[in-house]
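Let me begin by presenting the structure, written as C-alpha cells, before commenting on it.
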Amino acid sequence: MLTRWLRRITPETFKHRILFSFLLFLLAPIALLFLYNFRETETILQRNASDSNIKQLEGIKYDLIDLMSLVMKTGMLLEQDSVLRQVMQQPELYDAIHRKRIVENKFAGIENSFFLTGATVFYTLIDLKGNAYTSYTPVSSLNYAAMSSEPWVQELKRAGGQRYIWTSDDHTTEVRERQGIRMLSLYALLRDDGLKPFAYGRFSIDYEGWFEEKTFGRHGEGAYFLLDANGHTLLQSDSEEDVPSTVSSTIAAASQSAGADSSSQSIVNNHTMYTYSKIQELDGYLVKKVPLSLLFEEVNKQKQRFYTVYGAILLLFVLLTYLISSTVTGPLKLLQRKMETTVKLNLKTKLPEQGRGELLALTRSFNYMIADINNLLERLKLEERQKQFVRFQVLLSQMNPHFLLNTLNTIKSIALDKDEDEIYEICVALGNILETTLNLEVDLILLKDEIVLVESYMDIQRKRFGHGIEIQYEVSEDLEYALIPKFCLQPLVENSLLHGFGQSHHEGQIVICASSRNSLLYLEVVDNGMGIKRSQENQSNRKRKSIGLQNLRESLELMFKNQPTGLLIESTDEGTKVVMHFPLLLSKPYLKEGSAHVAHADR
C-alpha cells in the first residue's frame with residue numbers, strides 16, 4: 001500500500017525525480033526553517049514590544065496617579081490651613097476683597113509649593129455662608145446660588161459621609177479658561193477639627209492637556225487611549241483611531257477575572273496588539289494600540305528580501321538542474337532508443353561504443369549482455385533439440401511396455417476364462433505396477449497409492465516364492481494423502497526381501513511407518529531379517545550390485561532441490577531399518593460431482 005502510494009506521487013522520469021528530490025529534501029526544509037525563524041522573530045518582537053508598552057503605560061499611569069495624589073494633598077492642605085478655615089467659617093470678619101485676596105494667595109502658595117508639571121490644577125471653593133472662590137479669572141461674576149446647585153455640590157451633599165469623589169468626565173462650564181474641555185476632578189468636603197463641614201471644594205486637572213503632552217510625538221509608535229470602566233473612550237491621542245467594543249469588553253473581562261489590582265497585559269485582535277494597564281484610582285484603563293504591520297515592519301522587509309532572493313535562487317536552481325540532468329538523461333534516452341531498436345532486430349546488433357565515463361561503461365555492459373544472451377539462446381536451442389530427440393526416444397521406448405501391458409491384459413482374460421485365479425491375480429498386480437510405470441507425467445503420488453503398489457509387488461512375490469512374510473503399515477489417516485516420490489517404498493521393500501530374508505525366507509515381518517516432524521515426512525521400512533552384514537557375506541559372489549538405494553537418494557535430491565532430504569540405513573543382527581525423509585506435502589481430498597475423490601496439494 002505504501003509502495004503504491006509512493007509510486008503515484010513520485011515522478012516517472014529521472015530528470016523530474018532529481019528536481020523533486022532537491023525540492024523536497026533540500027529547498028523545502030530551508031524554506032520551512034526560514035519561515036520558522038521569521039515566526040519566532042515575530043513572537044520575540046511581539047513579546048518585547050508588549051513588555052516595552054507595559055513599561056510605558058505603567059510610567060504614564062504612575063505619573064497620573066502622582067498628579068492625583070498631589071491634588072489630594074492640596075485639598076488636605078487647604079482643609080488644614082487655619083487662616084483659610086477662618087475665612088470660610090467667619091467671612092463677616094473680612095471684606096469681600098480681603099477674603100478673595102486671602103483665598104487666592106492660599107491657592108497660589110499651595111500651587112507654588114508643588115512642582116506640578118504636565119497639568120494645570122483649577123480650584124473652586126464654596127463656603128456655607130454664600131461665598132464662592134476660584135483660582136482662575138471667571139468671565140462673569142460668580143453666582144453662589146447657581147454654583148451651589150451644580151451637580152458636584154449636590155453630589156457631596158448626597159454622598160452620605162463620603163468626603164472625596166473622583167470623576168474623570170467633568171465637563172464643567174465654570175472653568176472659564178478651559179471651557180468645554182474634559183477635566184479630571186476631585187470633589188472634597190472640607191471639615192474642621194470637630195468634623196464639621198465648612199466648605200465644598202472642586203480641584204480639577206486639565207488631564208486632557210496632560211494626556212496630549214505625554215503622548216505628543218509618539219504617533220509613529222501607535223495610538224493611546226484612556227477608557228472608563230465600561231470601555232468608553234475618554235481620551236485618545238489620534239482622532240482617527242478607536243478601540244473596538246469587542247476589545248474593550250475583552251480588556252474589562254480580563255481585568256475583572258484577574259482581580260482589582262491586576263497587572264498590565266497585551267492581547268492581539270485582528271492583526272493589532274492592544275496593551276492595557278488598569279488605573280484602579282479612576283476605575284479605567286490606559287490602552288496602547290499598535291498594528292502588527294507597524295511592529296513587524298522590519299521583519300516584513302526581511303521577508304520580502306528573503307522571498308525575492310529565494311525565488312531567484314529557486315529559479316536558477318531549476319534551470320541548472322534541468323541543464324545538468326539533461327546532460328545525463330539525453331544520452332540515456334538515446335541509449336534507450338538504440339536498445340529498443342536492438343530488441344526489435346532480435347538482439348542481432350550492438351550499440352556503438354561512444355561517449356565516456358559511466359555511459360561508455362553502460363554501453364559496453366549492454367553489448368556484453370547482448371553477446372551473453374545470444375550465446376544462451378544458442379545453448380537453449382541446442383538443449384531444446386536434444387529434448388525433442390530424447391522425447392522421441394522415450395516415445396519409442398514406450399512402445400514395448402505398452403505391448404507388454406496389452407499382452408498382460410490378454411493373459412489376464414485367458415486366465416479368467418479358464419478359472420486360473422492365481423494367474424489372474426498376478427496379472428492384476430503386475431498391471432498396476434506397469435500402469436504406474438508408464439505414467440511419465442506424474443512424479444509424486446499419494447502415500448496410500450504407493451502402498452497399493454507395494455501390496456501388488458508383495459502379491460507377486462508371494463505367488464512366486466510362496467513365502468510367509470507379513471507386511472504391516474503404521475500410517476495415520478491424515479498422512480494417507482501425503483505426496484511422495486513414485487516407487488520410493490518398493491525398492492526398500494525389495495531390499496528387505498533380498499538382503500534381509502534371502503532365498504530361504506518362510507517367515508518374517510516388514511513394517512512401514514509414516515510420521516511427520518518439523519514440516520518433514522519420515523518414512524521407515526523395518527524388517528526382522530538377517531541384517532546387511534550377514535547378507536553381504538552370503539551374497540559376496542553376486543556379480544550385479546544393487547543400485548536401488550543410491551538411485552533413490554539421488555532422486556530425492558533432484559526432486560527436492562535445495563530442501564532437506566535424507567536416506568539413512570541402520571542394520572543390526574535383529575534386522576534392518578531404513579529411514580527416509582523429505583518435505584511434507586499434503587493433498588487434501590474433495591468430492592467432485594459425479595466422480596470419486598479428487599485431491600489437491602497443500603504444503
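Scope of the values below: all heavy atoms of this structure, side chains included, with no hydrogens, waters or symmetry mates.
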All heavy atoms of L447 vs all of V475, minimum pair found to be CD2-CG1, 3.6 Å
Is there a side-chain contact between V247 and K289, using heavy atoms and a 4.5 Å cut-off? no
Under the criterion side chain to side chain contact (heavy atoms under 4.5 Å, CB included), I'd like the reasoning laid out for N53 against M273: C-alpha separation, chi angles, the key distance, then a yes or no. CA-CA 10 Å; N53 291 340; M273 184 173 66; 3.5 Å; yes
I'd like to know whether CG of D372 has more than 12 heavy-atom contacts from other residues, nucleotides or ligands below 6.0 angstrom. yes
Could you check if a side-chain atom of Q265 sits within less than 4.5 angstrom of a side-chain atom of I267, using non-hydrogen atoms only? no
May I ask you to test the T250-Y274 pair for a side-chain heavy-atom distance under 4.5 Å? no
Measure the CD-CZ distance between Q302 and R305 for me, rounded to the nearest 0.5 Å. 5.5 Å
Is there side-chain contact between L497 and Y457, with at least one heavy-atom pair below 4.5 Å? yes
Under 3.5 Å, side chain of S456 to main-chain N/O of V452, donor-acceptor pair present? yes
All heavy atoms of T576 vs all of S571, minimum pair found to be OG1-OG, 3.8 Å
Apply the test side chain to side chain contact (heavy atoms under 4.5 Å, CB included) to residues I445 and F487: give CA-CA distance (whole Å), side-chain angles for both, the deciding distance (0.1 Å), then the verdict. CA-CA 9 Å; I445 63 174; F487 290 114; over 6 Å; no
Here the pair of heavy atoms bringing L35 nearest to Y307 is CD2-OH, 2.8 Å
Looking at Y368, I want to see if its OH is surrounded by more than 12 non-hydrogen atoms of other residues, nucleotides or ligands under 6.0 Å. no
Roughly how far, to the nearest 0.5 Å, is CD1 of I54 from OG1 of T275? 6.0 Å
For V290 and G222 the tightest heavy-atom approach is CG2-CA, 4.4 Å
Between E554 and Q550, does any side-chain donor sit less than 3.5 Å from a side-chain acceptor? yes
From I469 atom CD1 to Q509 atom CD, the distance as rounded to the nearest 0.5 Å: 10.5 Å
Given L523 and I512, is the side chain to side chain contact (heavy atoms under 4.5 Å, CB included) satisfied, shown in steps? CA-CA 7 Å; L523 297 177; I512 297 178; 5.7 Å; no
Which heavy atom of P583 sits nearest a heavy atom of P564, and at what distance? CD-O, 3.5 Å
Taking CD in E40 as the centre, count heavy atoms belonging to other residues, nucleotides or ligands within less than 6.0 Å. Is the count above 12? yes
With a 4.5 Å cut-off on side-chain heavy atoms, are V526 and C513 touching? no
Side chain proximity check, E524 to V511, heavy atoms < 4.5 angstrom: no
Please determine whether the number of non-hydrogen atoms from other residues, nucleotides or ligands lying under 6.0 Å from atom CZ of F560 exceeds 12. yes
How about N270 and T272: does a side-chain donor come under 3.5 Å of a side-chain acceptor? no
Do L453 and Q490 have side chains that approach each other closer than 4.5 Å (heavy atoms only, starting at C-beta)? no
Beyond-backbone contact of D478 with L586, side-chain heavy atoms, under 4.5 angstrom: no
F38 and F306 aromatic centres sub-6.0 Å: yes
Starting at NE2 of H271, measure out to OG of S293 and round the result to the nearest 0.5 Å. 9.5 Å
Separation between CG (L489) and CD1 (I451), nearest 0.5 Å, reads 7.5 Å
Could you tell me which residues satisfy side-chain contact (heavy atoms from CB on, under 4.5 Å) with L376, sequence neighbours excluded, listed by chain and number? R379, L380
Let me confirm one number: the NZ-OG1 distance from K303 to T308, rounded to the nearest 0.5 Å. 13.5 Å
Is there a side chain to side chain contact (heavy atoms under 4.5 Å, CB included) between M580 and L552 once you walk through the steps? CA-CA 10 Å; M580 173 175 51; L552 181 58; 3.9 Å; yes
Please find the pair of heavy atoms, one from M458 and one from I471, that lie closest to each other, and give the distance. CG-CD1, 4.3 Å
Under 3.5 Å: donor-acceptor pair, side chain of E42, backbone of F296: no
